[in-house]
Asks: 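The structure under discussion is supplied below as structure tokens; questions concerning it will follow.
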Amino acid sequence: MTHSDEAAVQHSPHVPLQILAGPGSGKTKVLTSRIAYLIIQHRIAPSSICAVTFTNKAANEMRVRLTKLIGKEATSRLRMGTFHSLCARFLRMHANLAGLESNFTICDAQESQKIIAKLLKPFKNFLEDRNISLREGSVAWRISQAKSKGQGPDDVVAEAVKEKGMNGTIQKTPENLKDTDPTTYVIVEVFREYRITLLRSNSLDFDDLLLYGVKLFGTHKKVSMWCKHILVDEFQDTNTMQYELMTHIAAEHHCVTIVGDPDQSIYAWRSADVTNLKNMIRDFPATEQIFLEQNYRSTASILSLSLAIISEDKERIKKSLHTAHPKGPVPTQLCLVDEMKEAEFIATEIKRLVAVSGGMLTWSDFAILMRFTALSREIETALQRESIPHKVLGGHKFFERMEVKDILAYLQLVDNGSFLPAFNRCINNPPRSIGEKSVSQILQRAEKDKISALDLVERIHDGKVPDIKPPLKRKVATFISTIRTVRNLAKKRVSAAALIRTLLDLLNYEEHLKKTQDDWQNRWENVQELINFASKEHETIELPVPPEPKAGKENDPVASQLEADGFAVIDNNQKKKEAAEPSTDQAAETPLRLFLQASMLSTDTETKDKEDGEEKNKDKVVLSTCHSAKGLEWPVVIVPATENGVFPHIRSEDEAEERRLLYVACTRAQSLLYLLTTVERMVGGARKARDLSFFVTRAIKAKRDLITAMLPEATLENRKIMAGVLSRPLPPEAEIEKRLEEL
DNA sequence: CTACTATTTGATCCA
DNA sequence: CAAATAGTAG
Ligand SMILES: [Mg+2]
């Protein structure tokens with residue numbers, strides 16, 4: 001550790017701290033060490049430390065690191081996770097204070113969009129008459145943008161009205177919006193109904209988690225009383241709501257540590273705002289800053305090119321960043337004929353590097369970082385053809401699979417009978433001859449009778465209320481009995497994995513897949529993988545509020561009164577709640593509920609395959625978007641399509657952010673970096689001529705030797721450098737010759 | 001009314 | 001290339 005690293009770790013816990021540093025400077029490691037330092041040196045109880053990471057996967061990685069430093073027990077007590085998952089946890093814990101039911105379901109983006117699509121339909125003619133094309137995607141987007149700024153429908157109206165009309169047009173008012181701004185009018189109307197739908201469904205979308213979280217922590221001080229120190233990683237990519245949340249959680253002790261790098265802010269499109277760095281200094285005037293300037297990750301030539309790229313951002317505040325590593329091979333810029341040749345090159349080059357490195361590099365040392373996922377298609381097939389094992393990183397893809405969503409929907413419905421998206425999905429799946437018309441009848445009557453759709457169907461089934469036109473009673477018999485069976489098991493706190501098995505059995509789901517899907521084998525495997533995920537999740541469940549052991553408190557004079565008080569308040573509150581309604585903490589956190597929450601928020605879906613050869617399974621080339629590569633590093637990074645139209649993306653509105661994204665991609669590399677382009681590429685159905693991104697051409701204008709068209713040479717010198725950068729042993733020369741021959 | 005097939009459309013990045 | 005939509009048979 002350098003002097004400044006140490007200063008950052010050991011900085012006084014009572015003085016708010018910003019650790020600002022470039023890529024590869026060990027920011028996250030410093031943050032992790034600081035947590036350990038707070039616990040060991042300052043005797044702060046782990047349960048009064050809140051650590052916020054950017055993804056839940058990052059939280060898991062931090063947990064692994066901390067387990068080594070402070071042990072499993074202490075690590076499990078930390079309040080750790082993304083802002084979203086922290087909100088979800090505390091909202092369930094204090095559902096009554098937040099005005100929620102503790103069994104609320106998290107509505108993911110896909111389901112949100114489906115709801116919005118339904119709500120948009122009645123406006124179809126209205127829009128067509130005005131020649132406006134408005135798809136549910138853009139409506140969902142606008143609604144989410146508003147929510148992530150804390151705005152409601154009326155605020156959207158207010159904002160639209162504020163815009164001065166163009167010359168000659170009528171000034172907009174809330175009343176005439178329908179005529180003066182029909183698009184916004186429709187968005188706002190859908191927005192209103194969307195909120196009502198979620199409310200009726202006892203459901204929160206991702207934005208709601210933050211909104212309700214801010215409200216909860218902001219209005220009930222006791223909810224955040226436990227927090228003696230909050231630490232936030234990747235702070236440059238927090239949005240306004242998240243920042244507010246941080247200040248509320250820190251309200252009692254004002255002890256905050258953040259790490260971040262403005263140059264790596266790549267989520268402004270999701271309303272992240274780097275000015276939160278300034279806001280923090282405004283709101284915590286005692287804030288001090290520490291800069292880390294040592295890069296431990298990359299060779300000098302990778303760093304030089306990266307810095308040349310980011311330096312083209314004229315708004316940027318200059319930062320120094322240097323590496324102790326040698327220069328190393330100059331990054332390669334190659335132009336291939338088309339995307340097929342590009343993919344082919346990637347596959348053969350990976351094979352070549354594994355050989356010439358004498359096995360120092362294995363598959364998992366390679367990452368292919370793309371601007372968007374669609375670019376992966378050709379590359380995946382090329383890797384398959386060369387039988388190079390690979391995996392697609394990031395995203396939520398697994399949980400978006402049809403078969404996985406089917407199962408999740410049943411479980412959601414079991415946990416929360418009001419959750420309409422799940423009801424709609426399950427009621428006729430597997431097919432029960434309950435079509436569109438029947439469903440809309442059910443929904444309408446349920447709304448009129450002010451009960452949930454599932455409730456209504458259950459009552460019809462029990463013969464307590466009259467049936468609908470095409471009789472439903474007999475069609476839903478198995479549906480209802482399935483739901484009831486699983487529901488009873490769930491109440492007995494049966495594990496999610498067991499619930500899924502029962503469900504599959506009752507639904508005859510395997511048969512259903514065989515009948516309806518030709519690739520049912522793959523899909524059935526995914527279902528099995530969901531069970532794996534459930535059992536894995538069950539093992540690693542961290543209890544939401546582990547009671548502090550008595551002994552720990554007594555040994556811990558600094559972990560003082562306030563903390564004890566904080567817990568006392570929460571505990572009392574729980575007891576009061578128990579009296580008022582039967583939703584105890586225990587009931588609020590059934591295994592099923594924890595599993596569902598993890599499924600909706602998790603990005604960590606690399607389920608380990610079976611018992612055999614775990615190491616082998618992990619050794620795979622990584623395909624990832626640049627966004628999901630945030631915070632990670634690989635010995636070799638290949639960036640395909642470093643072309644104008646991709647970097648910056650043709651539809652992007654923020655050129656500087658696109659540049660930062662390329663910067664982030666380049667700085668993931670430790671020892672080798674490739675920027676690839678093609679002569680022409682299929683873009684939106686047509687072949688188009690491509691050229692090298694101006695982010696690169698401008699960066700190398702003054703210094704052409706920042707990049708080369710040559711492949712990195714397989715010299716001993718280069719192997720030594722690589723071994724040094726990666727801290728790996730140098731392979732024997734014989735090994736290299738052997739592998740080259742095999743190739 | 002529902003189930004199934006054929007066609008058209010329209011595609012950044014994410015918790 | 002997937003999902004929404006239209007159209008047809010049962
Ligand atoms: Mg980091």
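All chains are named by letter (A, B, ...) in the order of the sequence lines, taking the proteins before the strands, and each is independently numbered beginning at 1.
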Asks: Which nucleotide sits closest to the side chain of A:Arg651: C:dA4, B:dA15, B:dA11?
Replies: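 From the listed options, B:dA11 comes nearest.
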Asks: Does the ring of A:Trp269 meet both stacking tests against the six-membered base ring of B:dT12: centre distance under 5.5 Å and plane angle under 30°?
Replies: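 A stacking contact does not exist, since A:Trp269 is not both close and nearly parallel to the base ring of B:dT12.
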Asks: Using whole Å, what does the distance between atom P of nucleotide C:dA2 and atom CD of A:Glu403 come to?
Replies: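 Going from CD in A:Glu403 over to P in C:dA2 covers 12 Å.
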Asks: For B:dC13, take OP1 and OP2 only and decide whether either is under 4.0 Å from a side-chain N or O of A:Ser628.
Replies: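 For A:Ser628, the contact criterion (side-chain N or O under 4.0 Å from OP1 or OP2 of B:dC13) is not met.
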Asks: Expressed as a whole number of angstroms, how long is the span from A:Glu136:CD to B:dA11:C1'?
Replies: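 To the nearest whole Å, that distance equals 13 Å.
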Asks: Is any side-chain nitrogen or oxygen of A:Asn239 closer than 4.0 Å to OP1 or OP2 of B:dA15?
Replies: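 The answer is no; no side-chain N or O of A:Asn239 sits under 4.0 Å from OP1 or OP2.
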Asks: Can you identify which nucleotide, out of B:dC13, C:dA4, C:dA6, has its nearest atom closest to the A:Phe372 side chain?
Replies: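 That would be B:dC13.
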Asks: Report yes if at least one side-chain N or O of A:Arg135 is closer than 4.0 Å to OP1 or OP2 of B:dA11; otherwise report no.
Replies: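 Affirmative; the distance criterion is met.
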Asks: Going by ring centres under 5.5 Å and near-parallel planes (under 30°), is A:His649 stacked on B:dT12?
Replies: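 Answer is yes, a stack.
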Asks: Would you call the rings of A:Phe372 and A:His649 parallel, tilted or perpendicular if under 30° counts as parallel and over 60° as perpendicular?
Replies: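 Plane angle over 60°, so perpendicular.
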Asks: Under 3.5 Å, is there a donor on one side chain and an acceptor on the other for A:Asn239 and A:Ser148?
Replies: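 Side chains of A:Asn239 and A:Ser148: no pair found under 3.5 Å.
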Asks: If you only use heavy atoms from C-beta on, which nucleotide in B:dC14, B:dT2, B:dA3 is closest to the side chain of A:Lys437?
Replies: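 For A:Lys437, the side-chain atoms sit closest to B:dT2.
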Asks: Would you tell me if any nitrogen or oxygen in the side chain of A:Thr625 comes within less than 4.0 Å of OP1 or OP2 on B:dT12?
Replies: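 For A:Thr625, the contact criterion (side-chain N or O under 4.0 Å from OP1 or OP2 of B:dT12) is not met.
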Asks: Considering every strand and a 4.0 Å limit on heavy-atom distances, what is the contact class for A:Tyr267: base, sugar-phosphate, or nothing?
Replies: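 Sugar-phosphate: the residue A:Tyr267, judged by heavy atoms under 4.0 Å, touches backbone atoms but no base.
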Asks: What is the distance, rounded to the nearest whole Å, between atom NE2 of A:His512 and atom P of B:dA3?
Replies: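 Taking atom P of B:dA3 as the reference, NE2 of A:His512 is at 12 Å.
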Asks: Between B:dA15, B:dT12, B:dC1, which nucleotide has the shortest distance from any of its atoms to the side chain of A:Lys469?
Replies: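 For the A:Lys469 side chain, the nearest candidate turns out to be B:dC1.
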Asks: Let me know which of A:Leu78, A:Leu86, A:Leu231 forms a side-chain contact (heavy atoms from CB on, under 4.5 Å) with A:Cys50.
Replies: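 So the option named by the test is A:Leu86.
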Asks: If you only use heavy atoms from C-beta on, which nucleotide in B:dT12, B:dA15, B:dA3 is closest to the side chain of A:Glu658?
Replies: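 Within the option list, the nearest is B:dT12.
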Asks: Hey, which sits more toward the 5' end of DNA chain C by its nearest nucleotide, A:Lys121 or A:Arg377?
Replies: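 That would be A:Arg377.
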Asks: Whole Å only: how far is the CZ atom of A:Arg659 from the C1' atom of B:dC13?
Replies: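 Result: 18 Å.
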Asks: Charged N to carboxylate O below 4.0 Å: is that the case for A:Arg660 and A:Glu657?
Replies: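 Counted as a salt bridge, because a side-chain N and a carboxylate O are separated by less than 4.0 Å.
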Asks: For B:dC1, does either OP1 or OP2 sit under 4.0 Å from a side-chain N or O belonging to A:Ser438?
Replies: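 No, A:Ser438 has no side-chain N/O under 4.0 Å of OP1/OP2 on B:dC1.
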Asks: Report the distance from atom CG of A:Leu393 to atom P of B:dA15, rounded to the nearest whole Å.
Replies: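 Nearest whole value for this atom pair: 10 Å.
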Asks: Measure the distance from CG on A:Leu375 to C1' on C:dC1 and round it to the nearest whole Å.
Replies: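 Distance check: A:Leu375 CG to C:dC1 C1' gives 15 Å.
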